[in-house]
Amino acid sequence: MTNPTFERIQAEIDAHPVMLFMKGTAMFPQCGFSARVVQILSHLNVPFHTANVLEDAELRDGIKQFSNWPTIPQLYIKGELVGGSDIVSEMFQSGELATLLKEKGIPHQDAA
Amino acid sequence: MAMAISEIEALIKAALPDARVTIEDLAGDGDHYAASVVSERFRGLSRVAQHQIVYAALRGRMGGELHALALQTAPPE
């Protein structure tokens, strides 16, 4: 039994190398944790695509089961869950996020 | 209904008996915590996997009763 929401999610993370499921939009984040990840990605000049879970109840619940991750935001790089706000912040501060982006061949600007 | 620090600590320790757990109530409202968990179980695991172990220990309360838990995990030095 395939789950249509899971298929939608899989399609999104396959289509976009950097995919952020968040509350609100990049322009108008509706939650501090989501805003934090948007800020980091913008700081690194990484092109990213977002999906607003507040406009899609099925997506909001489906994504948590899909990834076995209980909270939003969720950042995916090349189809892989990198984490929520905590992990992305930690990786950004330690430089691991820039390294991961380089490894995955994703254009970005190192935080000067 | 928020969660008490002792309850969070007990749940984590039930799943990770060797864990060293420190929890801070960030906002004083019982709803926004920062926790650091050190356990041998985390050795060699990605951060996502480490956090998933802690979330599983919290038996579904994460994201529901417990709105915000800033989590830091690591194996012992």
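Keep in mind it's a predicted model, so treat the numbers as computed, not measured. Naming: A, B, ... by sequence-line order, numbering from 1 per chain.
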Decide if atom [atom1] of [X] counts as having more than 12 heavy atoms of other residues, nucleotides or ligands within a radius under 6.0 Å.
X	atom1	answer
A/R8	CZ	yes
B/R43	CZ	yes
A/E80	CD	no

(request) Can you tell which part of A/S67 gets under 4.5 Å to a heavy atom of chain B, answering side chain, backbone, both or neither? (result) backbone

(request) Using non-hydrogen atoms and a 4.5 Å limit, figure out which bit of A/Q74 sits close to chain B: side chain, backbone, both or neither. (result)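 For A/Q74, there is no contact with chain B at all, as no heavy atom is under 4.5 Å.
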
(message) Are the side chains of A/V82 and B/V48 in contact, using a 4.5 Å heavy-atom criterion?
(response) no

(message) Side chains of A/K64 and B/M62, heavy atoms from C-beta outward: is any pair under 4.5 Å?
(response) no

(message) Is it the case that the side chain of A/E90 and the backbone of B/Q72 share a donor-acceptor pair, with hydrogens and angles ignored and the cut-off at 3.5 Å?
(response) no

(request) Would you please classify the geometry between the A/W69 ring and the B/H51 ring as parallel, tilted or perpendicular, with 30° and 60° separating the classes? (result) parallel

Taking a hydrophobic cluster as the set of Ile, Leu, Val, Met, Phe, Trp and Tyr residues connected by side-chain heavy atoms closer than 4.5 Å, whether directly or through intermediates, do [X] and [Y] fall within one such cluster?
X	Y	result
B/L26	B/V37	no
A/F21	A/V46	yes
B/L16	B/L58	yes
B/V54	B/V38	no

(message) Need one label for B/L69: side chain, backbone, both or neither, based on atoms under 4.5 Å from any heavy atom in chain A.
(response) backbone

(message) For the CG atom of A/N68 and the OH atom of B/Y55, what is their distance to the nearest 0.5 Å?
(response) 11.0 Å

(request) Can you measure from CD1 (A/I87) to CD (B/Q50) and round to the nearest 0.5 angstrom? (result) 8.0 Å

